[in-house]
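To keep things clear, I will list the structure first and then write my remarks on it.
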Amino acid sequence: MTEEKWGQLRNRLLKTVGQNNFTTWIEPLEFDAVDGGVAVFKVPTNFMGNYVSQNFADLILHELSMSGEQVQRLAFRVAANSPARPAEPGAAETYGGADGGVEVMAAPATAASSAGKDTLEALQAAPLDPRFTFDSFVVGKPNELAHAAARRVGEGGPVTFNPLVLYGGVGLGKTHLMHAIAWELKEKNPSLNVLYLSAEQFMYRFVQALRERKMMDFKHLFRSVDVLMVDDVQFIAGKDSTQEEFFHTFNALVDQNKQIIISADRAPGEIKDLEDRVKSRLQCGLVVDLHPTDYELRLGILQTKVQQQRETYPDLRIADGVLEFLAHRISTNVRVLEGALTRLFAFASLVGREIDMDLTQDCLADVLRASERKITVEEIQRKVSEYYNIRMSDIIGPKRLRSYARPRQVAMYLCKQLTSRSLPEIGRRFGGRDHTTVMHGVKRIEELKLTDGQIAEDVEMLRRSLEA
C-alpha cells in the first residue's frame, strides 16, 4: 500500500471516528509496510498500539479490505529511536486482529525505555508523610466507618469496592487515611505501583502533557498504576478538559480492576460544576463521610498527641482539666487542635512553667477567641424548623400541638448546649416564654434522648449540621 493510498484511507477514518479520536489515535500512526498479510504501523508508544488494536483494529482492517489490500491482521511497532518511548522495561510489538485479541512480543530494553521508567518514578510527586499511618490515626464514632473502609483497602487483595471516596470538612482526617492506605499497601507489596497526588497535580501534569505534546505518555503513565489516589478532587470541578481526561483514566483503571481512592470536601453529588458522568462514576463505589469530631474523639486525639509531645518534652507537666478544656473549646478543626497543643508545649518549655489553665488561656487567647461558638438562636430555630418541615413561626408561636411542641423543645435544648445565652434570654427568643418553660423543655429532651432513639438521632444530626 502506497503512502497516497494510506492518506486516502485516513481521510475515510476521520469521517468515521470523529476529529478527537482521529487526532489522538489515528493521526500518530505511521504506515510502514504490508508483509505476508500483516499491515505494519509505527506508533509512539506501546500503550497506543494496544489501544488502537483493541478499539480500531476492525475498522482499519475493513477500510484496508475496501481498498483492495489483502490484509488479515495489524502489527504495531514502537520505533527504536522514538523519544516518546513508553515507561516499560522493554519495548513490545503488538498484534491486533479482527477478533480484537492482542499478542505482545517482548523486545530488548533500551536507554529510552529506562528514561521512561525514570519519568514514571518522578510522577510520585506528592510525598507520603511518615506520621500519617493507621497506628497514629485516632478512631472515634465520627470516623470509624471511614477508618474501617480504609483499612480494608489497605489490606490489598481483590477490589471489594471501587472507588473508595472519603469526604468531609477540613482537618477531619481524609489525607491522613489516604497516606495510611498508601503506606500499608507499599509495606505489604513493595513492588506495587501506588500513585498518590492531589487533583491540582493531576491537572498540572495534564496541561504540561498537552503543552509538550506528550499526551500518549501521560495516558500510559496514569493507566499503568496499580492504585491511583487523588486528593481534593473538587479542585477539578469546572475544568472541562481535565475532567474529561480524569473520566477516561478512571474508566481505564476500573476496567483493569485497579483500585482508586478519592477524597473531597463534599459528597460527589454536592460538588458544584463537577460533570454528571464524573459524579456518577464516583458514586458507584463506597462513599464515606467523615463527620465533624465529637468531644470524645477530640479528647482522644489530644491524649495521643500529648504522648508524642512527651518524647520531645519529657519533663513538662500538664494540669488536670486542660485537655478537657481544649477538647470542648476547639471543636471545628483537628489541625487547629493539634497546633494549639504544639504551641502550648513549646511555650511552656520556653518559660519553664507547668501547662495549667492560666498558661493555656494566655498562650492560646487568639485561638480560643476564633473558636468561640458563633451559633445563634435564630440559626438553631431555622435549622430545626427545616429539619421537621414546619414553619419557624410555629416554633416561636404559642401553639402547643405535639408536632410543634417537640421540635420547640429540641430547639431550646440545642440553644442551651450550643450557645452562651442564658435561660431567660432563650425564653425571650421563643415568643417571650418564661425561663422555667425552657428548663422543662431542656430536661424533657435530656430524658427522651435516653429512651427514644429517634429523638437522640434527631438531636445528633441537628448538632452536627449546626457545628459543620
Side-chain angles (χ1 to χ4, degrees), residues 129-133 135-144 146-147 168-177 179-180 232 265 290-377 379-380 414-422 425-426 460 462-468:
D129 193 323
R131 300 172 300 167
F132 291 166
T133 64
D135 290 339
S136 64
F137 189 82
V138 181
V139 184
K141 190 173 181 181
N143 61 24
E144 60 183 352
H147 175 263
V170 175
L172 297 183
K174 303 184 299 296
T175 299
H176 189 142
L177 284 177
H179 283 230
D232 291 322
D265 63 353
L290 282 90
H291 296 293
T293 55
D294 56 17
Y295 170 79
E296 290 78 11
L297 179 56
R298 291 194 295 274
L299 184 58
I301 291 170
L302 285 171
Q303 290 168 343
T304 300
K305 297 301 176 184
V306 165
Q307 296 304 316
Q308 295 174 2
Q309 290 289 347
R310 290 203 185 282
E311 296 177 7
T312 307
Y313 308 102
D315 300 326
L316 273 184
R317 293 186 65 252
I318 185 164
D320 293 339
V322 170
L323 296 186
E324 290 79 1
F325 172 76
L326 292 176
H328 177 71
R329 288 293 302 273
I330 305 176
S331 60
T332 56
N333 191 323
V334 173
R335 291 197 187 105
V336 174
L337 192 65
E338 293 177 1
L341 191 67
T342 300
R343 190 200 294 191
L344 266 182
F345 270 87
F347 184 75
S349 173
L350 290 170
V351 299
R353 288 173 54 189
E354 177 191 25
I355 300 175
D356 56 15
M357 290 299 296
D358 289 340
L359 182 139
T360 298
Q361 292 180 331
D362 289 343
C363 177
L364 302 178
D366 58 328
V367 177
L368 296 174
R369 277 197 305 272
S371 299
E372 285 178 357
R373 287 174 176 158
K374 298 180 176 63
I375 300 171
T376 64
V377 172
E379 184 182 359
I380 291 172
L414 290 169
C415 287
K416 176 69 169 61
Q417 296 295 316
L418 301 179
T419 74
S420 57
R421 302 294 181 184
S422 65
E425 194 169 357
I426 293 173
E460 182 63 16
L462 283 163
R463 184 188 66 77
R464 287 179 177 178
S465 176
L466 287 160
E467 289 184 343

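For reference, positions follow the sequence shown, starting with 1. Being a predicted model, the structure only gives us computed values, none of them experimental.
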Could you give the distance from [atom1] ([X]) to [atom2] ([Y]), rounded to the nearest 0.5 Å?
X	Y	atom1	atom2	answer
R329	L368	CZ	CG	5.0 Å
S465	E460	OG	CD	11.5 Å
I301	E296	CD1	CD	11.5 Å
I355	T360	CD1	OG1	6.5 Å
L350	C363	CG	SG	9.5 Å
R421	I380	CZ	CD1	10.5 Å

Among all residues two or more places apart in sequence or in another chain, which pass the side chain to side chain donor-acceptor pair (under 3.5 Å) test with Q308?
->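 By the side chain to side chain donor-acceptor pair (under 3.5 Å) rule, Q308 matches no residue at all.
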
Exercise answer: donor-acceptor pairs, residues 310-325 side-chain atoms, under 3.5 Å, sequence neighbours excluded:
residue	atom	partner	partner atom	Å
R310	NH1	L316	O	2.7
R317	NH1	E354	OE2	2.8
E324	OE1	G321	N	3.4

Taking side-chain contact (heavy atoms from CB on, under 4.5 Å) as the test, write out the residues that go with H291, two or more places apart.
->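 Partners of H291 by the side-chain contact (heavy atoms from CB on, under 4.5 Å) criterion, ordered by chain and then number, come out as P142, D289, R464.
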
Residues in side-chain contact (heavy atoms from CB on, under 4.5 Å) contact with L172, at least two apart in sequence or another chain =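 Residues passing side-chain contact (heavy atoms from CB on, under 4.5 Å) with L172: L290, T293.
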
Using the side-chain contact (heavy atoms from CB on, under 4.5 Å) rule, take L326 and L344 through it: C-alpha gap first, then chi angles, then the decisive distance, then the call.
-> CA-CA 11 Å; L326 292 176; L344 266 182; 3.8 Å; yes

Evaluate the ring planes of H328 and Y295, with Trp represented by its six-membered ring, and classify them as parallel (under 30°), tilted (30 to 60°) or perpendicular (over 60°).
->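 Perpendicular: the ring planes of H328 and Y295 meet at over 60°.
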
Check: [X] side chain, [Y] main-chain N or O, donor-acceptor pair, under 3.5 Å:
X	Y	answer
H179	F132	no
D362	M357	no
K305	G339	no
N143	A146	no

Could you report the tightest heavy-atom contact between [X] and [Y], atom names first, then the distance?
X	Y	answer
C415	V377	SG-CG1, 3.8 Å
I330	V367	CD1-CG1, 3.7 Å
L297	V138	CD1-O, 3.6 Å

Between K141 and E144, is there a salt bridge with N-O shorter than 4.0 Å?
->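 A salt bridge is absent here (no side-chain N lies under 4.0 Å from a carboxylate O).
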
Can you check whether [X] reaches [Y] side chain to side chain, under 4.5 Å on heavy atoms?
X	Y	answer
R298	V334	no
T376	T419	no
F347	L364	no

Any pair with a residue in residues 335-345 that passes side chain to side chain donor-acceptor pair (under 3.5 Å), sequence neighbours left out, goes on the list, sorted by first then second residue, please.
->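 Matches after skipping sequence neighbours: Q309-T342, R343-D366.
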
Counterpart residues, salt bridge (Lys or Arg N to Asp or Glu O under 4.0 Å), relative to D232 (two or more places apart) =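 Salt bridge (Lys or Arg N to Asp or Glu O under 4.0 Å) check on D232 returns nothing, list empty.
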
Please check if any side-chain donor atom of H176 sits under 3.5 Å from a side-chain acceptor atom of S136, or the reverse.
->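 Per modelled atom types, H176 and S136 side chains form a pair under 3.5 Å.
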
Chi angles and distances behind the side-chain contact (heavy atoms from CB on, under 4.5 Å) call for V170, D265 = CA-CA 7 Å; V170 175; D265 63 353; over 6 Å; no

